[in-house]
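Since the model is a prediction, treat every value here as computed from it, not as a measurement. Note on naming: letters A, B, ... go to the chains in the order of the sequence lines (proteins, then strands), and numbering restarts at 1 for each one. Note: hydrogens, waters and symmetry copies are ignored here, and every other heavy atom, side chains too, is used.
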Protein chains: 2
Amino acid sequence: MKGRPNIHDDQELVLKAQEVFWQRGYHATSLSDLSTATGAGAGSLYNTFKGGKKELFRKALQQRSADLLTFKQKLEQSENQVAPIKQFFLDIADADPITHQKGCIVVNTLTEMTCVDEDLKQEAAEILTETEKLYKQAIAHAQKHGYIASKTPADTLAKYLVTFWCGLNALRRIYPDKKVLKRQIALQLQVLD
Amino acid sequence: MKGRPNIHDDQELVLKAQEVFWQRGYHATSLSDLSTATGAGAGSLYNTFKGGKKELFRKALQQRSADLLTFKQKLEQSENQVAPIKQFFLDIADADPITHQKGCIVVNTLTEMTCVDEDLKQEAAEILTETEKLYKQAIAHAQKHGYIASKTPADTLAKYLVTFWCGLNALRRIYPDKKVLKRQIALQLQVLD
DNA sequence: CTATTTTTGTAATGATCATTACAAAATAAA
DNA sequence: TTTATTTTGTAATGATCATTACAAAAATAG
């Protein structure tokens with residue numbers, strides 16, 4: 001293959017860009033910010049991501065869809081498939097302050113892009129419905145095997161968890177406090193007993 | 001008083017600006033958008049709001065703090081102070097599609113401004129903690145008078161409601177569907193029985 | 001070594017942004 | 001009326017934005 005070799009790994013560019021987008025959102029992030037964060041100049045960024053800023057953002061967002069797949073595989077190896085989900089939520093309380101402030105890039109995007117960019121809003125919404133589907137399967141599995149007593153439909157409980165996830169990412173911004181968060185998370189997870 | 005008279009009422013300017021900020025957020029709203037929405041030129045807007053776009057946004061946000069006070073007065077006239085809160089949540093399901101997409105300007109601002117503008121983030125956070133305080137008093141009152149059986153501390157339940165509010169404003173964007181929302185809201189309000 | 005191809009950094013480019021300058025308009029006071 | 005004062009709409013202003021143009025750099029292929 002001819003041509004000057006890549007300095008920057010494409011995937012690493014996406015991850016470094018994701019960090020900035022995650023913290024500042026789409027509109028408050030400039031190409032200069034992305035250049036600084038990635039270490040790549042505008043030339044490189046536009047050569048790699050022909051769609052420019054928006055394509056880079058899309059890739060950063062869709063990365064979470066890939067991450068979800070990894071979590072799905074972990075679930076499927078569990079006896080009680082709801083246990084890793086509960087643990088995921090409980091672990092949120094232990095996160096560092098910056099992580100609390102960042103929240104969730106998918107929820108952030110849903111909020112930022114609604115009434116602004118229908119495509120990106122829809123992409124964020126779809127990642128959340130994917131998450132919901134994963135929750136639903138895990139809950140149904142756990143109910144079938146007696147890990148959950150509640151007769152509430154798995155569908156409803158899954159939507160409950162997605163709602164909680166979105167709410168928790170607001171709460172942790174207001175109260176980035178381990179004790180408070182642990183207590184609130186425990187309360188919310190009671191419906192899965 | 002000397003001088004050319006006002007065409008635009010200050011409060012109406014704020015409310016018209018609020019509508020645009022509520023839908024599009026701070027960064028995606030241009031002064032041209034605000035000029036169109038309010039019917040006032042840049043000259044008028046800067047003459048009225050010396051702080052420019054940011055002051056106008058602040059006023060639009062703080063309007064919700066005033067609205068909260070109105071709700072507080074309604075609460076204090078109720079026998080069961082938690083009843084109007086439950087009703088408020090249940091009524092969300094009946095809102096029109098655009099209202100679902102808009103969500104809550106306070107939660108939107110908390111999300112948009114975290115890691116971007118500490119002042120505005122804090123203002124949004126404070127409106128939510130004010131809301132929490134209002135919930136807490138109402139819940140404590142209801143518990144004392146036997147309207148709520150749950151022994152869970154009012155403080156914890158109030159934070160639960162704020163978390164739910166933030167989550168619900170994501171859920172309604174994904175499912176702007178009366179049946180779905182009614183079901184999920186009813187489930188979440190069960191902790192207040 | 002030469003030609004070709006791709007990446008890279010930098011420096012335009014043109015659009016859009018928030019803000020300001022300013023003169024005309026419209027009132028009250030004198 | 002005349003003068004003073006405030007509002008209004010429009011047209012600069014200068015900054016910043018995303019994007020593109022382009023030439024140097026760095027590799028491979030012939």
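Relative to the side chain of K53(A), the nucleotides dA18(D), dT20(D), dA18(C) differ in distance, and dA18(D) lies closest. Side-chain proximity of S44(B) to the nucleotides dT8(D), dA18(D), dA11(D) is greatest for dT8(D). Taking the side chain of K2(B) as heavy atoms from C-beta on, and the options dT19(C), dT5(D), dT8(C), the nearest nucleotide is dT5(D).
A sub-4.0 Å separation between OP1 or OP2 of dT19(D) and a side-chain N or O of Y46(A) is present. Contact check, N6(A) against dA27(D): no side-chain N or O comes under 4.0 Å of OP1 or OP2.
Among the atoms of the strands shown, only primed sugar atoms or phosphate atoms (P, OP1, OP2) are found under 4.0 Å from some heavy atom of T29(A). Nucleic acid contact for N47(A): base, since at least one base atom lies under 4.0 Å from a heavy atom of the residue.
Rounded to a whole Å, the CD atom of E55(A) is 16 Å from the P atom of dA18(D). The distance from atom CG of D117(B) to atom P of dA18(C) is 15 Å, rounded to the nearest whole Å. Atoms CD1 (I7(A)) and P (dT6(C)) sit 17 Å apart, rounded to a whole Å. The separation between L45(A) atom CG and dA11(C) atom P is 17 Å, rounded to whole Å. If you take CG of L34(B) and C1' of dG9(D), they are 16 Å apart, rounded to a whole angstrom. For the pair L31(B) CG and dT16(C) P, the interatomic distance rounds to 15 Å; values are reported in whole Å. At whole-Å resolution of the value, NZ in K50(B) and P in dA21(C) are 13 Å apart. Rounded to whole Å, atom P of dC17(D) lies 16 Å from atom CG of L56(A).
Shown are D155(A), L161(A), T152(A); of these, the side-chain contact (heavy atoms from CB on, under 4.5 Å) with I139(A) is made only by L161(A).
Annotation: K178(A), atom NZ; neighbour count of heavy atoms from other residues, nucleotides and ligands within 6.0 Å does not exceed 12.
Between G3(B) and S32(B), it is S32(B) whose nearest contact on DNA chain C lies nearer the 5' terminus. Map G51(B) and P5(B) each onto its nearest nucleotide of DNA chain C; the residue landing nearer the 5' end is G51(B). If D33(A) and G43(B) are placed on DNA chain D by their nearest nucleotide, the residue sitting closer to the 5' end is G43(B).
For K53(B) and Y26(B), the positive end sits near the middle of the six-membered ring, less than 6.0 Å away and at most 45° from its axis. Geometrically, K159(B) engages Y175(A) in a cation-pi contact, judged by NZ or CZ lying under 6.0 Å from the ring centre and within 45° of the ring axis.
Ring to ring, W165(B) and Y160(B) are not that close: their centroids are 6.0 angstrom or more apart.
Between the side chain of R4(B) and the base of dT6(D), no donor-acceptor pair of N or O atoms lies under 3.5 Å.
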